[in-house]
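Notes for the one structure printed next.
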Amino acid sequence: MQIAPGIHSMGQDKGGRVHAFLLDDGNGLTLIDTLYDDDGNVVLSQIEQMGRTPADVKHIILTHAHKSHLGGLAALKKASGATVCAHSWEVDIIAGRRKATPVSKIPKRPFAVLHLQLGLALGLGKHAPCEVDHRIKSGDRIGPLEVVETPGHTPGSLSFWWPERRALFVGDVVATWPELAAGWPGLTLDNQQNLRSVQQLTDFGNAEILGVGHGEPITGDAAARVREVAR
Ligand SMILES: [Zn+2]
Ligand SMILES: [Zn+2]
């Protein structure tokens with residue numbers, strides 16, 4: 001679904017209403033995260049609906065290495081030949097050489113995501129491993145996006161800013177499902193650090209659009225909602 005010129009949102013009920021974003025800046029396509037299913041079909045059908053082909057995807061960038069966001073990665077890299085980009089801390093998890101850091105088993109709100117918390121606590125679930133081509137950090141530019149390091153949910157969590165579209169993509173730093181919040185505390189490795197990252201994102205004071213990893217994107221005056229979460 002197109003939520004703004006050149007910004008397409010894709011979602012799945014699985015993986016906690018997980019979302020990914022396909023961006024068209026007029027040159028090529030940039031994909032942020034890859035949803036839950038390991039065949040990448042939701043993304044491939046979005047590319048087809050846009051009248052494009054997988055080879056038009058130039059970059060696949062990952063907000064972080066949790067399973068809900070890595071499902072289609074290996075299949076989509078193979079189909080597109082795109083360059084895969086992530087923060088260096090996340091690379092070995094994406095490549096299958098290290099497990100995602102477990103979280104506590106003690107139940108935390110929101111309880112709607114308790115099954116995901118327990119899955120991460122117990123190290124359940126696997127994604128198809130995929131090598132990362134580029135390690136990215138704050139200040140880098142990938143396609144139309146500027147990279148912003150926003151650690152806390154995981155040490156290598158990244159956000160992305162598209163200045164021309166005033167669009168911010170923040171992965172699991174902020175969630176909009178089941179309610180607007182500074183991520184999901186039970187699945188976040190360092191909640192204090194994550195809140196500082198949300199506060200840092202208030203620097204994008206003219207943001208209109210906010211794409212999050214779980215829940216629907218915000219499509220108007222996103223900066224005000226980020227300030228709300230940062231308090
Ligand atoms: Zn996550
Ligand atoms: Zn997630």
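Just so you know, these numbers use all the heavy atoms, side chains as well, and skip hydrogens, waters and symmetry mates. Numbering of ligands and ligand atoms starts at 1, following listing order.
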Next item on the list: Report the C-alpha separation of Glu90 and Thr154 in whole Å, then their side-chain angles, then the decisive distance to 0.1 Å, and conclude whether the side-chain hydrogen bond (donor to acceptor under 3.5 Å, both in side chains) test is met.
Entry: CA-CA 8 Å; Glu90 312 279 338; Thr154 64; 2.6 Å; yes
Notebook entry, point to check: Hey, are Arg165 and Asp25 close enough for a salt bridge, meaning a charged N less than 4.0 Å from a carboxylate O?
Noted result: no
Check: Is it true that Glu131 and Arg97 have a side-chain N and a carboxylate O under 4.0 angstrom from each other?
Finding: yes
Checklist line | Taking every non-hydrogen atom, the tightest pair across Val42 and Gly11 | finding: CG1-O, 4.4 Å
Notebook entry, point to check: Do any of the N/O/S atoms of His66, backbone or side chain, fall under 2.8 Å from the Zn ion (ligand 2)?
Noted result: no
Item checked: Angle subtended at the Zn ion (ligand 1) by NE2 of His64 and NE2 of His153, nearest 10° -> 100°
Check: For the Zn ion (ligand 2), which N, O or S atom of Asp172 is at the shortest distance?
Finding: OD2
